[in-house]
Novice: 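Submitted below is the structure of interest, expressed as structure tokens.
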Amino acid sequence: MRRTAKTALFFLTVLSLTAAKLPETKPEDVGLSTERLQRIHETIQSHIDSKDISGAVTLVMRMGRIAHLEAHGFADVDSKKVMKKDALFRIWSMSKPVAGASILMLMEEGKLRLNDPVSRFIPEFKDLKVAITQEQAAALTPGLQPGTPQPVHFYTVPATREITIQDLLTHVSGLGSGPMSSSEIRKISARPGKTLGEYIPRLGATPLEFQPGSRWTYSPLAAFDTLGRVVEIASGLPFDEFLRQRMFDPLGISDFAFQPPDDVLQRLPTTYHRAKGELQKSDAINNLFDATYFSGGGGLMATIEEYAKFAEMLLEGGQLKGKRLLSPKTVDLMSSVFVPDTVAGRSPGKAFGLSVQVITDAVAAGQRVSNGSFGWDGAYGTHFWIDPKEEIVGIMMIQTDNPNRQLDRDFENAVMQAVVEQISRNSN
């Protein structure tokens, strides 16, 4: 009986591990060309040869199956350590859609609304001010309160309304979105060693860059770090625990965390900075990744296959392998246009949804993807998009802090030119 029980446990473990893997397929079985997919490597290699990047891992899924997964170049140039498929990457702003999905899960549960003021969860955000320049101040009533004169001299006026959860998700809040607001954020105590609960309320004392909703300007960290704190308050769990319990474990995701174990961290490629046609090692990113501050704006690390599970979950309408995180209607909402490309700060063909960019006109955007595709990038060159029309997930992971971002477009082109048959999973 004991041996039978151990055998059963063994097979259950094997089945569990197998279930956690994404299925692979021959490209032709999902309407892709094996020969044409080889152009992905040629594209990446050309950027390696140009010293834009040191190496990369690329992945293409179609209809729920991996048709391409390849490592290119080096994880470390000096030692000639080759890049591996299971390399762990600092994904930076590709953390934002993960934080966005967390907010939407709580919205579905009725624990928050998109139009909730942030002050419902963080009272310090109740009476925010907006920074204005000296020129703007001169045109207004005298007697405005002066802001800090260095490095940017500005005045403040009251915000016309409170900022909302939706404002943070769509980068129209003005929180940490420009030189005036960011200069004040830099003056408050540093993040490392703090928790979201200790740090985020202090942002309420910093001015917004513009009146809420008046324009789109990217908030690199502040907006989505604040959303991470909202997740903690609304769920009653630390942000990292919420992700693990409510998202990563159900999806069979393991190598995806703010602070992975040391043995997993050993798989991190070296980070680089391009300068004068050469790649130089860079360690300037270490101030964001620590064991207590869980940055929804850019603090997660993941392997490409683990991120693919998250992306495929969204492509499949909020579920993966029978584990549902969101309803299809909520994923549609996430990828809907909340900020059209006509709003100040956006570019032609590039609208914005809830934590993701949405391509409304691929021709105007200059991107080789279908209209309705959505996704986002990371500061060190990570890039992903989801193409619902073609049922494609494309992901590229690199670790260079100022890569030639034309590589994003080249990778998209290499993927889309490999589509040789218009089929869907419903036809199989």
Side-chain angles (χ1 to χ4, degrees), residues 91-109 111-116 118 121 163-173 175-177 196 200 216 218-235 237 239-240 242-244 246-248 250-251 253 256 258 294-300 302 307-320 324-339 350-359 372-379 382-386 388 393 395:
I91 64 172
W92 282 85
S93 288
M94 275 172 53
S95 304
K96 289 180 171 69
V98 178
S102 302
I103 289 288
L104 294 177
M105 291 170 70
L106 292 168
M107 180 198 72
E108 287 191 334
E109 296 169 13
K111 294 180 178 177
L112 58 82
R113 306 179 187 91
L114 293 182
N115 62 0
D116 276 340
V118 177
F121 304 94
I163 62 172
T164 66
I165 301 298
Q166 181 174 310
D167 290 336
L168 296 179
L169 285 167
T170 55
H171 296 286
V172 299
S173 70
L175 183 67
S177 296
L196 292 174
I200 295 301
W216 186 97
Y218 191 55
S219 176
L221 292 174
F224 279 78
D225 287 4
T226 300
L227 288 171
R229 179 57 183 158
V230 171
V231 169
E232 293 187 332
I233 296 169
S235 70
L237 292 170
F239 190 30
D240 65 328
F242 179 89
L243 292 180
R244 185 183 65 80
R246 299 292 310 281
M247 186 180 296
F248 298 157
L251 295 181
I253 291 174
F256 203 149
F258 291 105
F294 308 126
S295 171
L300 282 165
Y307 201 92
K309 294 175 186 176
F310 169 73
E312 182 63 23
M313 176 274 294
L314 295 177
L315 179 59
E316 293 188 21
Q319 71 86 34
L320 183 68
R324 180 164 294 283
L325 270 59
L326 296 166
S327 75
K329 288 295 184 182
T330 299
V331 177
D332 286 345
L333 184 71
M334 181 181 190
S335 57
S336 295
V337 174
F338 281 77
V339 184
K350 300 179 181 181
F352 212 83
L354 300 175
S355 77
V356 289
Q357 178 172 268
V358 182
I359 301 301
S373 295
F374 61 98
W376 198 233
D377 308 326
T382 54
H383 174 60
F384 92 105
W385 84 97
I386 296 166
V393 168
I395 309 176

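The model shown is predicted, which means the values in this text are computed figures rather than measured ones.
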Novice: Working to the nearest 0.5 Å, report the span between OG1 of Thr170 and CZ of Phe352.
Specialist: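 Rounded to the nearest 0.5 Å, the OG1-CZ separation comes to 8.0 Å.
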Novice: Just do the side chain to side chain contact (heavy atoms under 4.5 Å, CB included) check on Met247 and Ile253 with the steps written out, would you?
Specialist: CA-CA 8 Å; Met247 186 180 296; Ile253 291 174; 5.6 Å; no
Novice: Is there a side-chain contact between Leu314 and Leu326 (heavy atoms, below 4.5 Å)?
Specialist: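 They are in contact (side-chain heavy atoms under 4.5 Å apart), so the answer is yes.
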Novice: How far apart are the closest heavy atoms of Gly176 and Pro220, and which atoms are they?
Specialist: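 Closest pair (atom of Gly176, atom of Pro220, distance): O-CD, 3.4 Å.
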Novice: For the CZ atom of Phe384 and the OG atom of Ser373, what is their distance to the nearest 0.5 Å?
Specialist: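 Output value for this atom pair is 11.0 Å.
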Novice: Does Lys309 come within less than 4.0 Å of Glu312, counting only side-chain N to carboxylate O?
Specialist: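 No salt bridge links Lys309 with Glu312.
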Novice: Could you report the tightest heavy-atom contact between Val356 and Met334, atom names first, then the distance?
Specialist: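 Smallest interatomic distance, heavy atoms only, reads CG2-O, 3.5 Å.
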Novice: Which of these, Leu169, Leu333, Val358, sits in a side-chain contact (heavy atoms from CB on, under 4.5 Å) with Phe338?
Specialist: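 Exactly one option meets the side-chain contact (heavy atoms from CB on, under 4.5 Å) with Phe338, and it is Leu333.
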Novice: Return the CD to CZ distance between Gln166 and Arg113, rounded to the nearest 0.5 Å.
Specialist: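 One gets 14.0 Å once the value is rounded to the nearest 0.5 Å.
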Novice: Please check this pair: side chain of His383 against backbone of Asp377, looking for a donor-acceptor N/O pair closer than 3.5 Å.
Specialist: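 No; judged by distance alone, with no hydrogens or angles, the pair does not exist.
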Novice: Taking atom types as modelled, find out whether Ser93 and Tyr218 have a side-chain donor-acceptor pair closer than 3.5 angstrom.
Specialist: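 Yes, because at least one side-chain N or O of Ser93 sits under 3.5 Å from a partner of the opposite role on Tyr218.
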Novice: If you round to the nearest 0.5 Å, how far is CD1 of Ile200 from CD of Glu232?
Specialist: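 Glu232 CD to Ile200 CD1: 9.0 Å, rounded to 0.5 Å.
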Novice: Taking the side chain as every heavy atom from C-beta outward, state whether Val230 and Ile233 have any atom pair closer than 4.5 Å.
Specialist: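 Of all side-chain heavy-atom pairs linking Ile233 with Val230, none is under 4.5 Å.
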Novice: State the CZ-CG distance between Phe256 and Leu243, to the nearest 0.5 angstrom.
Specialist: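 Interatomic distance, Phe256 CZ to Leu243 CG, rounded to 0.5 Å: 8.0 Å.
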Novice: Using modelled atom types only, decide if a donor and an acceptor are shared between the side chain of Asp167 and the backbone of Thr164 within a distance under 3.5 Å.
Specialist: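 Flag set: sc Asp167 to bb Thr164 pair under 3.5 Å.
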Novice: Report the distance from atom CD1 of Ile103 to atom CG of Leu168, rounding to the nearest 0.5 Å.
Specialist: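 Rounded to the nearest 0.5 Å, the CD1-CG separation comes out at 8.5 Å.
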Novice: Indicate yes or no: at least one non-hydrogen side-chain atom of Leu227 is less than 4.5 angstrom from one of Val118.
Specialist: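 In short, these two side chains do not touch, never coming nearer than 4.5 Å.
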Novice: Going through the distances and angles, do Phe242 and Phe239 end up as a ring pair (Phe, Tyr, Trp, His ring centres under 6.0 Å)?
Specialist: CA-CA 5 Å; Phe242 179 89; Phe239 190 30; 7.2 Å; no
Novice: Got a donor-acceptor contact below 3.5 angstrom from the Glu108 side chain to the Ser327 backbone?
Specialist: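 Yes, because the side chain of Glu108 sits within donor-acceptor range (under 3.5 Å) of the backbone of Ser327.
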Novice: Give a yes or no answer on whether the side chain of Lys350 reaches the backbone of Ile359 with a donor-acceptor pair at less than 3.5 Å.
Specialist: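 Side chain of Lys350 to backbone of Ile359: no pair is present.
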Novice: Is it true that Glu109 and Arg246 make a salt bridge, defined as a side-chain N closer than 4.0 Å to a carboxylate O?
Specialist: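 Looking at Glu109 and Arg246, the cut-off is met.
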